[in-house]
Amino acid sequence: MYVIALIAEFLTSLLLVVALAIRFGRKWTVGTLIALKVALAALMLTYGFEFAIRPLRDLALLAVALAFPQRRKLLIVGAAAGFVLDLLLPQDIPQWTVIGLFAVIGLLVALPIRRWVAPVALVVLAALGVGVWIPASATPTTMNMGMPAMPGMAMRSVTQLTGPPTTGPVKKFTITARQAGDRYSFNPSVIRLQQGDVLDATLVNQIPDASVTIHWHGLDVPNAYDGVAGITQNAVEPGGSFEYRFQVNQVGTFWYHSHEDTKDEVTRGLFGLLVVQPRTGPVADVDQALMAHTWGDRLSFGDNAGVQVKQVEPGSSVRVRVVNTDSDLRTVQVTGSPWRLAAVDGNDLHEPGTLTGQTVAIGGGGRADIQLTMPDHPVRVSLVGESSPAYVLSPDGKSTVDASAPGPEVDLMHYGTPAPVSLGSDYNRDYTVDLDQGIGASGFKWTMNGGVFPDAPMLMVSEGDTVRITYRNLSLGEHPMHLHGHEVLVLSRDGVASAGSPVWMDTVSVQPGETVAVAFKADNPGIWMDHCHNLGHAKIGMVTHLAYTDVTTPFVVGDGNNPE
Ligand code: C2O
Ligand code: CU
């Protein structure tokens with residue numbers, strides 16, 4: 001609905017120009033336009049005031065047009081300017097620019113000025129606007145994302161943030177990045193650990209002409225090991241290596257991937273699965289992870305683009321861990337057995353109820369753990385809207401079952417039962433992050449609070465803060481927002497407060513027109529990316545940082561480090 005309304009809003013802005021230009025004299029044109037705009041404004045207001053700025057602006061313009069029909073040319077220019085701004089700018093940041101522009105046009109229309117004043121004023125205004133906009137939307141060649149030293153404040157470098165002394169058993173790995181044809185891979189591409197283990201992983205880059213890093217998606221590692229090129233380390237050049245070392249205190253389904261030239265490298269295969277089991281042992285008799293990834297144009301679960309059938313004894317407990325390594329939202333369905341959504345993003349849900357037809361949506365980068373007890377007939381785990389791939393659990397290892405019609409999505413705001421959380425509700429930092437789109441000097445961009453990486457406004461915190469972030473999606477696209485280094489508690493979606501199990505996530509999907517509030521404890525100092533995990537969106541702007549006020553970095557973005 002929102003997407004349709006937003007497109008209608010663009011079209012009616014254009015219609016306004018046309019109507020003013022050729023048909024303003026006819027009553028029905030004005031009447032129809034006013035009716036359309038009022039309806040759109042009313043609809044957009046249900047999403048929030050920020051969403052309704054454009055139709056309200058156009059209504060104001062129509063009002064001026066009705067009051068001063070003799071200054072039509074000027075109004076046409078105003079409407080055209082509005083339409084161009086709709087295309088160019090995200091709608092929240094430039095509202096003062098837009099309001100200012102229309103105030104000037106309003107004055108030019110209403111005041112008895114000489115004929116030549118209006119066109120001259122408009123040209124000067126436009127020139128000023130372009131002069132400000134071009135430099136503002138051009139990307140600098142290199143940029144340091146750390147904080148400038150504050151007088152009297154002890155600063156820490158990301159390289160010092162290596163975490164507390166480790167105590168658990170050390171698991172040593174060498175992870176080699178390789179290339180075969182067009183594809184890249186990490187070897188090994190599966191790491192299984194137990195809670196409390198110390199992961200000591202040395203990345204060795206054997207790709208001849210690409211630099212790489214490893215980011216541990218969903219693990220709240222010490223900042224020095226977060227693996228973001230240009231922020232926490234330099235990208236590892238061909239032939240080079242880098243050692244990551246941290247204790248793993250979380251349990252669940254995670255993954256790791258390069259965070260240099262991320263869109264290209266992850267798409268081509270630079271990722272792996274990381275599963276952490278409790279010290280007490282496995283959580284199910286059968287524990288299967290399925291990474292949904294599109295290779296070229298083939299979607300697969302693991303390495304399998306077709307149907308894989310696994311023989312499972314009836315009565316066994318089964319955990320299927322689905323990881324979405326792609327950019328688009330995927331919806332998982334289970335046919336043939338009741339099931340429970342045991343965990344999202346590696347975080348157990350509290351007393352998850354039994355689901356039958358329902359589905360679960362996973363944003364890019366997110367994970368969902370499905371738990372079930374094997375019945376005496378086949379069970380199919382598949383992706384809604386895709387005929388393949390599928391994973392079939394079968395008592396005899398052969399027979400399968402077709403996917404049934406998918407039911408509604410499970411509503412995580414009302415799933416499971418509440419449990420105490422230690423976060424409190426005293427938010428001493430409260431940020432709103434608007435997700436939007438616009439056209440910059442170098443083409444189409446996805447924006448955060450009106451800016452694009454590396455210029456998007458940063459979110460500043462101090463260690464110990466309790467932070468709330470409200471994401472408002474004013475754009476046409478779905479955005480899976482991923483915060484590094486922290487788990488966030490989902491507080492509400494579109495004003496509906498979480499009333500079921502606490503939902504802790506690291507990757508939160510925000511639909512067009514949706515407002516999602518999350519909160520977290522700033523307990524892991526560093527400079528942390530907060531970005532859209534639709535990697536194509538991140539590549540063209542949708543990246544900002546959560547920065548602790550006392551942390552600096554010796555690394556720079558640009559000059560061999562291109563984290564997005
Ligand atoms: Cu999975 Cu910043 O990424
Ligand atoms: Cu996005």
Side-chain angles (χ1 to χ4, degrees), residues 3 90 145 186 212-221 223 225-233 235 244 253-267 269-274 291-293 323-330 345-346 362-367 433-438 444-449 451-454 456 459 471-488 505-514 516 524 526-546 557 561-564:
V3 172
M145 307 304 291
F186 278 139
V212 304
T213 67
I214 297 180
H215 166 62
W216 310 91
H217 185 120
L219 288 181
D220 303 330
V221 304
N223 196 223
Y225 303 125
D226 196 41
V228 180
I231 312 285
T232 63
Q233 68 172 94
Y244 300 88
T253 310
F254 305 94
W255 62 303
Y256 53 98
H257 60 77
S258 180
H259 224 306
E260 160 68 12
D261 205 356
T262 313
K263 158 107 174 89
D264 182 58
E265 294 189 359
V266 172
T267 305
L270 273 185
F271 62 84
L273 169 78
L274 198 151
M291 305 191 88
H293 192 79
V323 184
N324 183 0
T325 67
D326 276 340
S327 284
D328 293 333
L329 193 80
R330 300 264 178 234
D345 292 358
I362 314 175
R367 289 87 64 211
V433 174
D434 286 338
L435 310 170
D436 208 346
Q437 64 222 334
F444 182 82
K445 300 287 180 194
W446 296 100
T447 62
M448 292 179 78
N449 278 343
V452 296
F453 180 77
L459 310 173
Y471 294 106
R472 293 191 295 204
N473 186 350
L474 286 73
S475 79
L476 286 162
E478 179 262 346
H479 304 296
M481 300 310 298
H482 172 50
L483 174 63
H484 287 207
H486 305 75
E487 304 298 299
V488 303
M505 303 182 103
D506 55 60
T507 312
V508 183
S509 168
V510 189
Q511 295 292 325
E514 197 179 29
V516 180
N524 195 4
I527 304 173
W528 303 99
M529 262 204 182
D530 180 17
H531 66 96
C532 179
H533 220 287
N534 181 319
L535 299 175
H537 294 187
K539 192 169 180 74
I540 52 172
M542 200 166 257
V543 177
T544 187
H545 286 83
L546 174 80
V557 171
N561 292 320
N562 301 293
E564 72 297 345

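One-based numbering, in listed order, for ligands and for the atoms of each. Each residue takes its place number in the sequence, starting with 1. Keep in mind that this is a model prediction, so the values were computed, not measured.
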Can the ring centroids of His531 and His533 be said to lie less than 6.0 angstrom from one another?
yes
Under 2.8 Å from atom 2 (Cu) of ligand 1 - does any N, O or S atom of His484 fall there?
yes
Using a cut-off of strictly less than 2.8 Å, determine whether His533 has an N/O/S atom near the Cu ion (ligand 2).
no
How wide is the angle at the Cu ion (ligand 2) between SG in Cys532 and ND1 in His479, to the nearest 10°?
130°
For the pair Arg367 and Asp506, find out whether any cationic side-chain nitrogen is under 4.0 Å from an anionic carboxylate oxygen.
yes
Any N/O/S atom of His259 sitting less than 2.8 Å from atom 2 (Cu) of ligand 1, backbone or side chain?
yes
With a cut-off of 2.8 Å, does any N, O or S atom of His531 fall short of it relative to atom 2 (Cu) of ligand 1?
yes
Could you check which N/O/S atom of His537 is closest to the Cu ion (ligand 2)?
ND1
Please verify the inter-ring angle class for Trp446 with Phe444; under 30° counts as parallel, over 60° as perpendicular, anything in between as tilted.
perpendicular
Within His533, is some N, O or S atom less than 2.8 Å away from atom 1 (Cu) of ligand 1?
yes
Determine whether the aromatic ring centres of residues His257 and Phe186 are separated by less than 6.0 angstrom.
no
Of all N, O or S atoms in His217, the one closest to atom 1 (Cu) of ligand 1 is ND1
For the pair Thr213 (side chain) and Ser258 (backbone), establish whether a donor and an acceptor sit closer than 3.5 Å, ignoring hydrogens and angles.
no
Does Val510 offer a backbone N or O that forms a donor-acceptor pair with the side chain of Tyr471 under 3.5 Å?
no
